[in-house]
Q: 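I have a structure here, written as structure tokens, and I will follow up with some questions on it.
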There are 2 protein chains.
Amino acid sequence: MGVTLKDVAERAGVSRSAVSRTFTEGASVSARTRAKVEKAARDLGYSPNALASSLTTGRTKLIGLVSNNFHNPIFLEVFDLFTRGLQERGLRPLLVNLSNETDPANSVRMLRQYSVDGVIVASSTLPPSFAEAFRDAGVPVVHSFGRYTTSPHVHVVGIDNIACGRMAAQALVARGHRRVAFLGGPQSATSTQDRERGFLEAMALHPEITVSVTHASAYSFDAGRAEMQRLLQGRPAEAYFCGDDVLSIGALSAIQEAGLRVPEDIGIIGLNDMAMARWQNIDLTTIRQPLAEIIEASIDLVVATIERPERHPETRLFPCRVIERGTLRQI
Amino acid sequence: MGVTLKDVAERAGVSRSAVSRTFTEGASVSARTRAKVEKAARDLGYSPNALASSLTTGRTKLIGLVSNNFHNPIFLEVFDLFTRGLQERGLRPLLVNLSNETDPANSVRMLRQYSVDGVIVASSTLPPSFAEAFRDAGVPVVHSFGRYTTSPHVHVVGIDNIACGRMAAQALVARGHRRVAFLGGPQSATSTQDRERGFLEAMALHPEITVSVTHASAYSFDAGRAEMQRLLQGRPAEAYFCGDDVLSIGALSAIQEAGLRVPEDIGIIGLNDMAMARWQNIDLTTIRQPLAEIIEASIDLVVATIERPERHPETRLFPCRVIERGTLRQI
DNA sequence: ACCTGTATTGCAACCGGTTGCAAAAAACCG
DNA sequence: CGGTTTTTTGCAACCGGTTGCAATACAGGT
């Protein structure tokens with residue numbers, strides 16, 4: 001089945017080293033030898049075994065792409081951008097699905113067995129310790145959509161969730177709402193913790209406004225809908241900042257089912273700006289997270305860390321902005 | 001950084017073979033040696049290099065997962081199921097994003113360089129020739145969501161799109177509609193070609209019913225919405241079978257925006273039953289594609305082919321069924 | 001204790017490449 | 001043209017494992 005270096009060398013009448021060299025960037029080969037080798041390789045349909053060469057070069061060009069968010073529609077966009085971005089740089093994503101797993105040990109072991117050059121942890125719900133386990137194992141790692149800390153142990157790329165919370169608060173304040181609320185994702189998610197904190201911080205400047213906070217059990221449609229249904233049993237707020245878009249859409253659904261109007265009776269602002277938020281029959285006002293930039297930066301950072309592993313941990317946060325659509329009344 | 005076999009052997013005071021054997025299933029090692037080796041390995045934090053061993057065993061446990069559907073929400077579910085299913089069997093998905101690429105040559109070369117044990121092409125829009133390119137290169141391959149042919153050159157797992165077309169037709173007929181239509185995806189997609197064929201075939205038995213056919217430019221919300229807007233300029237049909245769910249939701253949006261009621265003025269039936277179809281504010285009547293079974297079977301089949309490469313190409317089709325929701329009037 | 005059959009072990013070659021080094025070839029130069 | 005410098009080449013060792021084979025250890029039977 002497999003055509004090897006040796007086969008090509010024999011056919012071209014040169015040494016194995018010569019063949020190896022024609023296929024390695026910047027090695028010393030004469031034009032004549034190269035031509036002979038290339039012809040032989042073409043005839044035989046040879047292409048070098050990346051895994052075998054990784055053994056000596058120490059580089060596999062494999063990047064572990066680890067996530068536990070296989071249910072949030074935004075992650076389809078995330079995977080699309082990551083896979084394309086990695087491919088453009090000649091890197092290959094080895095996908096790891098971490099649903100209902102929180103112990104990093106298995107993933108670390110597995111990805112080390114495959115000698116990945118680096119790892120990208122793409123998750124807004126995993127704790128920082130997860131990515132740190134990779135760093136501790138000596139694997140270059142970037143936590144995308146992770147939490148910013150002042151003394152990071154690991155590269156983080158994402159958004160300033162606290163600032164987003166503030167931004168949402170300001171959007172509601174600017175519209176003159178007097179009773180507002182945060183409908184968060186699971187309390188264990190760092191993203192929800194930070195968004196809540198920013199929201200409350202900004203609201204603290206407006207003591208005349210009533211603020212309340214509740215949490216859905218997951219970043220999911222069903223959880224958002226269930227939580228909003230619960231809220232509608234009592235006296236709901238005038239406007240809600242929801243933990244993310246999919247939660248927002250669940251809440252939206254509950255509100256419409258209850259026969260209330262959006263944004264007249266209840267306003268909603270989400271966070272992410274996933275594809276469905278743009279759908280005209282959803283038309284969700286939301287805070288856009290600049291996915292493409294975050295992912296671009298994550299890849300840059302993991303590549304840079306592979307090249308200089310001693311590199312100091314760094315945090316890169318990207319600014320978000322409100323996308324005005326139909327679920328929050330206009331100013 | 002890396003602890004190797006040799007390090008463990010030295011520490012345990014045994015040969016390298018002994019270490020290798022304790023880590024290979026079914027090899028001959030005495031309990032005493034095994035204990036010594038395991039202790040040494042634990043002390044050193046050793047875990048075997050999967051790539052190095054693949055060199056001699058010829059197995060990498062890497063499976064290429066190739067797709068060009070990174071925009072259809074159903075594929076998030078698909079990736080979730082594939083990655084989990086593969087992981088459960090100790091296989092690792094190497095993800096390849098084929099957006100706007102139609103030439104298999106690059107993917108074939110790349111996946112061969114990484115010596116993947118097998119490939120799963122997960123796409124309802126790629127031509128059969130794509131998967132065949134892998135088979136021609138001697139790589140075990142399964143085409144998931146592919147087209148059934150009577151003399152397959154490659155394993156295919158999916159649904160009978162022609163039967164689905166008929167099923168949709170019957171659903172519309174049963175509801176007494178007299179003017180129906182198929183709003184397909186891109187004409188180049190084999191799935192659309194087959195659904196259309198089945199739909200028309202079944203409708204041919206009802207000459208009293210008027211049938212028309214149009215195509216959206218992609219399986220996407222925007223394309224579905226645009227096409228329905230165009231249709232609404234003229235005299236629309238009473239009910240539409242849409243090429244897939246995301247197209248249906250686009251069409252739904254256009255209908256609602258035009259101030260028409262669903263299902264009273266226009267009925268819609270989709271295909272896939274993706275997560276959003278269940279969302280109560282969408283509530284799409286659709287034909288469910290049994291994703292989990294399809295993916296399970298795809299993995300089984302690729303594994304079986306890896307074990308017996310000479311295995312005859314096989315087609316496995318799974319039955320679909322109508323999921324009644326709110327976009328088609330009840331019988 | 002001795003013989004035989006089975007289990008365990010280490011040696012050495014191999015998987016498909018890469019690379020330091022020294023020899024050979026080519027290019028340069030007066 | 002001979003001497004020197006620079007390029008190109010092949011040899012052989014190595015990357016981190018696996019495996020056939022022969023040697024050794026052990027167990028069972030009498």
Side-chain angles (χ1 to χ4, degrees), chain A residues 1-38 40-41 44-62 109-117 138-139, chain B residues 1-38 40-41 44-62 109-117 138-139:
Chain A
M1 176 178 151
V3 170
T4 81
L5 196 70
K6 197 169 132 233
D7 303 329
V8 178
E10 279 166 9
R11 181 170 238 264
V14 298
S15 73
R16 290 159 58 219
S17 337
V19 179
S20 172
R21 284 182 181 119
T22 59
F23 285 100
T24 30
E25 200 72 14
S28 161
V29 219
S30 69
R32 229 161 57 83
T33 319
R34 148 159 280 133
K36 277 195 292 185
V37 170
E38 278 174 349
L44 263 37
Y46 169 77
S47 69
N49 181 328
L51 268 23
S53 64
S54 82
L55 218 46
T56 39
T57 61
R59 291 286 168 85
T60 54
K61 301 195 168 225
L62 249 26
R109 187 158 35 73
M110 188 238 113
L111 287 172
R112 281 200 21 185
Q113 289 187 336
Y114 280 86
S115 321
V116 294
D117 289 347
V139 183
Chain B
M1 177 178 149
V3 177
T4 81
L5 195 70
K6 199 169 129 231
D7 303 328
V8 178
E10 279 167 10
R11 182 172 236 266
V14 298
S15 72
R16 291 160 57 219
S17 336
V19 179
S20 171
R21 285 182 180 118
T22 59
F23 285 99
T24 30
E25 198 73 13
S28 162
V29 217
S30 68
R32 232 162 55 84
T33 317
R34 148 159 281 134
K36 278 195 293 185
V37 170
E38 278 174 349
L44 264 36
Y46 168 78
S47 69
N49 181 329
L51 269 24
S53 64
S54 82
L55 218 46
T56 38
T57 61
R59 290 286 168 84
T60 54
K61 300 193 168 229
L62 250 25
R109 187 158 34 73
M110 190 238 114
L111 287 172
R112 282 200 21 181
Q113 288 187 337
Y114 280 85
S115 323
V116 294
D117 289 348
V139 182

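Reminder, nothing fancy here: chain letters follow the sequence lines and each chain counts from 1. These numbers were taken from a predicted model, which means no experiment stands behind them.
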Q: Locate the shortest heavy-atom distance separating Arg59(A) from Ser54(A); write the atom from each residue and the value.
A: O-CB, 3.2 Å

Q: For the helix from dA1(C)-dT30(D) to dG30(C)-dC1(D), what is the angle between the axes at its two ends, each from 5 pairs, rounded to 10°?
A: 30°

Q: Ignoring hydrogens and angles, tell me if any N or O in the side chain of Thr57(B) forms a donor-acceptor pair with the backbone of Ser53(B) under 3.5 Å.
A: yes

Q: Going by heavy atoms closer than 4.0 Å, what residues in residues 21-38 of chain A are next to DNA chain D?
A: Arg21(A), Ser28(A), Val29(A), Ser30(A), Thr33(A)

Q: Going by number, which of residues 46-53 of chain B have a non-hydrogen atom under 4.0 Å from DNA chain D?
A: Tyr46(B), Pro48(B), Asn49(B), Ala52(B), Ser53(B)

Q: On DNA chain D, compare the nucleotides closest to Val14(A) and Thr57(B); which residue's is nearer the 5' end?
A: Val14(A)

Q: Identify the two heavy atoms, one from Val14(B) and one from Thr33(B), that lie closest to each other, and give their separation to 0.1 Å.
A: CG1-CG2, 3.9 Å

Q: Considering all heavy atoms of both residues, which atom of Val29(B) and which atom of Arg34(B) are nearest to each other, and what is their separation?
A: CG1-N, 4.2 Å

Q: Contact class for Thr4(B) (heavy atom, under 4.0 Å): base, sugar-phosphate, or nothing?
A: sugar-phosphate

Q: Which residues pass the salt bridge (Lys or Arg N to Asp or Glu O under 4.0 Å) test with Arg21(A), not counting sequence neighbours?
A: none

Q: Please report the shortest heavy-atom distance between Val3(A) and Leu44(A), naming the atom on each side.
A: CG2-O, 3.3 Å

Q: Which pair of non-hydrogen atoms, one from Val37(A) and one from Thr22(A), has the smallest distance, and what is that distance?
A: CG1-OG1, 3.2 Å

Q: For Lys61(B), is the NZ atom crowded, meaning more than 12 foreign heavy atoms sit under 6.0 Å from it?
A: no

Q: Find which nucleotide of DNA chain C each of Gly13(B) and Thr56(B) is nearest to by heavy atoms, and output the residue with the more 5' nucleotide.
A: Gly13(B)

Q: Please check this pair: side chain of Thr24(B) against backbone of Ser20(B), looking for a donor-acceptor N/O pair closer than 3.5 Å.
A: yes

Q: Heavy atoms of chain A, cut-off under 4.0 Å: which first and last nucleotide of DNA chain C, 5' to 3', fall inside that, if you could look?
A: dG16(C) to dC21(C)

Q: Using atom types as modelled and distance alone, determine if a side-chain donor or acceptor of Thr60(A) lies under 3.5 Å from a backbone N or O of Ser115(A).
A: yes

Q: How close do Asp7(B) and Gly2(B) get, heavy atom to heavy atom, and via which atoms?
A: OD2-O, 4.1 Å

Q: Which residues satisfy the ring-ring contact (aromatic ring centres under 6.0 Å, His included) test with Tyr46(A), sequence neighbours excluded?
A: Phe23(A)

Q: Kindly indicate whether the side chain of Leu111(A), heavy atoms from C-beta on, has any atom under 4.5 Å from the side chain of Val139(A).
A: no

